[in-house]
Amino acid sequence: MLELSREDARRIAVRAQLLDAYRPPSLVAMVDHLTVLQIDPTAAIAPNVDLVSWSRLGDGYEPSDLRFALEEERSLVEHGSYVRPMDDVVLALATVKDWGRYDRAMRWIEANAAFRADVLARLRGEGPLTASEIPDTAAEPWESTGWTNDKNVVLMLEFLMMLGDVAIAGRKGKLRRWDLAERVYPADLEVPSYDDARAELVGRRLSSLGIARAKPAAQFAEIVEIGDVGVEARVEGSPGTWRVDPDAAAALDEPFEGRTAFLSPFDRLVYDRDRALDLFDFEYVLEMYKPAAKRRWGYFALPILHGDRLVGKLDAKADRKAGVLRVNAIHEDFPWEPAIGDAVEAEVEALAAWLGMEVARG
């Protein structure tokens, strides 16, 4: 049993998420290590994929780098709700039965066999196409109490993507452009067995997190259970046990050099709120869905990392018309020493410069 101080555990987590002083050499190398970038349309400051990439790569990153990797180089691919390394698509395809909608989706596709054939024929003849350019010929509409109700074309495309029949070839503005998978994925694509794919996904997930619970809280469309992979560990002051990536455990004696970073609310260092509380004593709730009067930290507050501690939240918004980054508040989780305040101010200036904006206070 590995015994870890709280500081050791935090440093394992920060280093594994590429948030120490080390900067990955490229966008593709970064995504390959993190395994996924969650796609979320909220752009109060910048979309999640761009915020996560900037926080690791710095001002050398541009959103056009991601578009190039997805649409020209094809080293990355948009699949499901994530950007993934192209090589990892086979892992998602091999484990599609773990997808929560799988059984219902398969029944619906079977009931709409002619619709499925129509969609594939349209893409074969005219693709790539957006969903709005494909006729809805569903015999049995998709029923839901949410936004997906009767969104038959979008759902058929998404389901066929999960099965490996179609793929996202790129974007037209914010709209996904769909095509046959054979025209997007490499010709030598080989889907491994379920057992092999799941084992690789679990191992790579633990490597990207550094430290995790064997069975953490469920997360949307991700395999999160670590099981007995890695090294079992106890963390000082934290109940229960953890699993630690063997390479991270072996690197504990190496010097740790941290930095200051602003994180997206969807960043994997803080996405598991229970883990953030256990390891960092960091309380966080995304408050964009709360009435303004009930928000403690702001509409889309960014967690602030300094060294191996999460120290506060940045309440800011990019005002693109005015060309300014409006800083409404910087919340300190505890009284900061001057060095933290200086580092945070410098990062605010860096974020504004990356956005091509000036800083406006209040």
Side-chain angles (χ1 to χ4, degrees), residues 15-19 22-40 47-58 60-96 98-99 158 161-171 176-210 212 219-224 226 229 245 247-248 264 266-269 271:
R15 184 179 279 150
Q17 275 289 296
L18 307 178
L19 286 165
Y22 166 78
R23 299 277 191 176
S26 68
L27 172 66
V28 174
M30 181 201 79
V31 178
D32 184 60
H33 177 79
L34 298 181
T35 72
V36 294
L37 293 182
Q38 183 173 334
I39 299 167
D40 185 89
N48 180 67
V49 290
D50 295 323
L51 270 179
V52 171
S53 299
W54 172 75
S55 67
R56 273 74 176 175
L57 298 168
Y61 169 74
E62 296 290 344
S64 59
D65 299 339
L66 182 59
R67 289 194 294 272
F68 177 80
L70 288 168
E71 300 180 22
E72 303 294 333
E73 190 178 62
R74 299 259 191 236
S75 51
L76 302 177
V77 66
E78 185 177 335
H79 182 272
S81 299
Y82 303 100
V83 171
R84 308 174 186 269
M86 179 64 83
D87 290 345
D88 282 6
V89 165
V90 294
L91 304 180
L93 296 178
T95 55
V96 66
D98 289 335
W99 171 46
E158 290 184 350
M161 170 186 61
M162 299 303 290
L163 296 175
D165 293 332
V166 306
I168 299 170
R171 293 222 170 205
R176 293 172 293 183
R177 298 168 67 245
W178 300 86
D179 206 346
L180 298 178
E182 65 198 51
R183 297 203 288 237
V184 176
Y185 298 158
D188 58 353
L189 200 70
E190 292 187 16
V191 179
S193 69
Y194 171 86
D195 289 343
D196 288 347
R198 186 176 176 99
E200 185 168 350
L201 281 171
V202 170
R204 295 190 65 220
R205 178 176 177 79
L206 181 58
S207 177
S208 74
L209 294 174
Q219 295 175 21
F220 178 71
E222 282 191 86
I223 294 175
V224 297
I226 300 298
V229 173
D245 175 57
D247 290 339
S264 163
F266 303 107
D267 196 290
R268 286 310 184 258
L269 190 71
Y271 190 80

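The backbone N or O of A16 lies less than 3.5 Å from a partner atom in the side chain of H33, making a donor-acceptor pair. Proximity of a side-chain donor or acceptor of R84 to a complementary backbone N or O of A92 within less than 3.5 Å is not detected. With hydrogens and angles ignored, the 3.5 Å screen pairs a side-chain donor or acceptor of R204 with a backbone N or O of D32. Not one N or O on the side chain of E182 forms a donor-acceptor pair closer than 3.5 Å with the backbone of A187.
At a threshold of 4.5 Å between non-hydrogen side-chain atoms, the residues E190 and V90 do not count as touching. With contacts defined as side-chain heavy-atom distances shorter than 4.5 Å, the pair Y82/I39 does not qualify. For the pair P186/M86, a side-chain contact is recorded, criterion being any heavy-atom separation below 4.5 Å from C-beta on. Using a 4.5 Å heavy-atom cutoff, the side chains of L57 and P24 are in contact. Annotation: side chain of Y185 is in contact with side chain of H79 (closest heavy-atom distance under 4.5 Å). At least one side-chain heavy atom of R56 sits under 4.5 Å from a side-chain heavy atom of D267.
Closest approach of M162 and G80 over heavy atoms only: SD-CA, 4.4 Å. The two residues R171 and R177 come nearest to each other via the heavy atoms C-CD, 3.5 Å. Annotation for L37 and S53: closest pair CD1-OG, 3.8 Å, computed over non-hydrogen atoms. Taking both residues in full, the closest heavy atoms of N48 and F266 are given as OD1-CB, 3.3 Å, listed atom of the first, atom of the second, then distance. A pairwise comparison of heavy atoms in P192 and L91 identifies CG-CD2, 4.2 Å as the closest pair. Looking at every heavy atom in both residues, M161 comes nearest to L93 through O-CD2, 3.9 Å.
Of the inter-residue distances, the one linking Y61 atom OH with S26 atom OG reads 12.5 Å to the nearest 0.5 angstrom. Separating the CG atom in L269 from the CG atom in L209 is a distance of 9.0 Å, to the nearest 0.5 Å. To the nearest 0.5 Å, the span separating OG on S81 from CD on E158 amounts to 7.5 Å. One finds the OG atom of S55 at 9.0 Å from the CG atom of L18 (value rounded to the nearest 0.5 Å).
Ion pairing of R183 with D179 is present here, as a side-chain N (NZ or NE/NH1/NH2) and a carboxylate O approach within less than 4.0 Å. Salt bridge status for D245 with R15: absent, with no side-chain N to carboxylate O gap under 4.0 Å.
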Item checked: Chi angles and distances behind the side-chain contact (heavy atoms from CB on, under 4.5 Å) call for R205, T35 -> CA-CA 7 Å; R205 178 176 177 79; T35 72; 5.6 Å; no
Check: Run the side-chain contact (heavy atoms from CB on, under 4.5 Å) check on E72 and R67 step by step: do they pass?
Finding: CA-CA 8 Å; E72 303 294 333; R67 289 194 294 272; over 6 Å; no
Notebook entry, point to check: Does the pair Q38 and V52 meet the rule for a side-chain contact (heavy atoms from CB on, under 4.5 Å), with working shown?
Noted result: CA-CA 9 Å; Q38 183 173 334; V52 171; over 6 Å; no
Note to self: Does D98 form a side-chain contact (heavy atoms from CB on, under 4.5 Å) with T95? I'd like the steps, not just the answer.
What the structure shows: CA-CA 6 Å; D98 289 335; T95 55; 4.0 Å; yes
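Under the 3.5 Å distance criterion, with hydrogens and angles disregarded, a donor-acceptor pair is assigned to the side chains of S193 and D196. Looking only at atom types and distance, the side chain of E73 has a donor-acceptor partner in the side chain of S75 under 3.5 Å away.
Partner of L76 under the side chain to side chain contact (heavy atoms under 4.5 Å, CB included) criterion, out of D65, D88, D87, V83: V83 alone.
Qualifying salt bridge (charged side-chain N to carboxylate O under 4.0 Å, His left out) partners for R23, counting only residues two or more places apart in sequence or in other chains: none. Partners of D50 according to the salt bridge (charged side-chain N to carboxylate O under 4.0 Å, His left out) rule, which considers only residues two or more places apart in sequence or in another chain, do not exist here.
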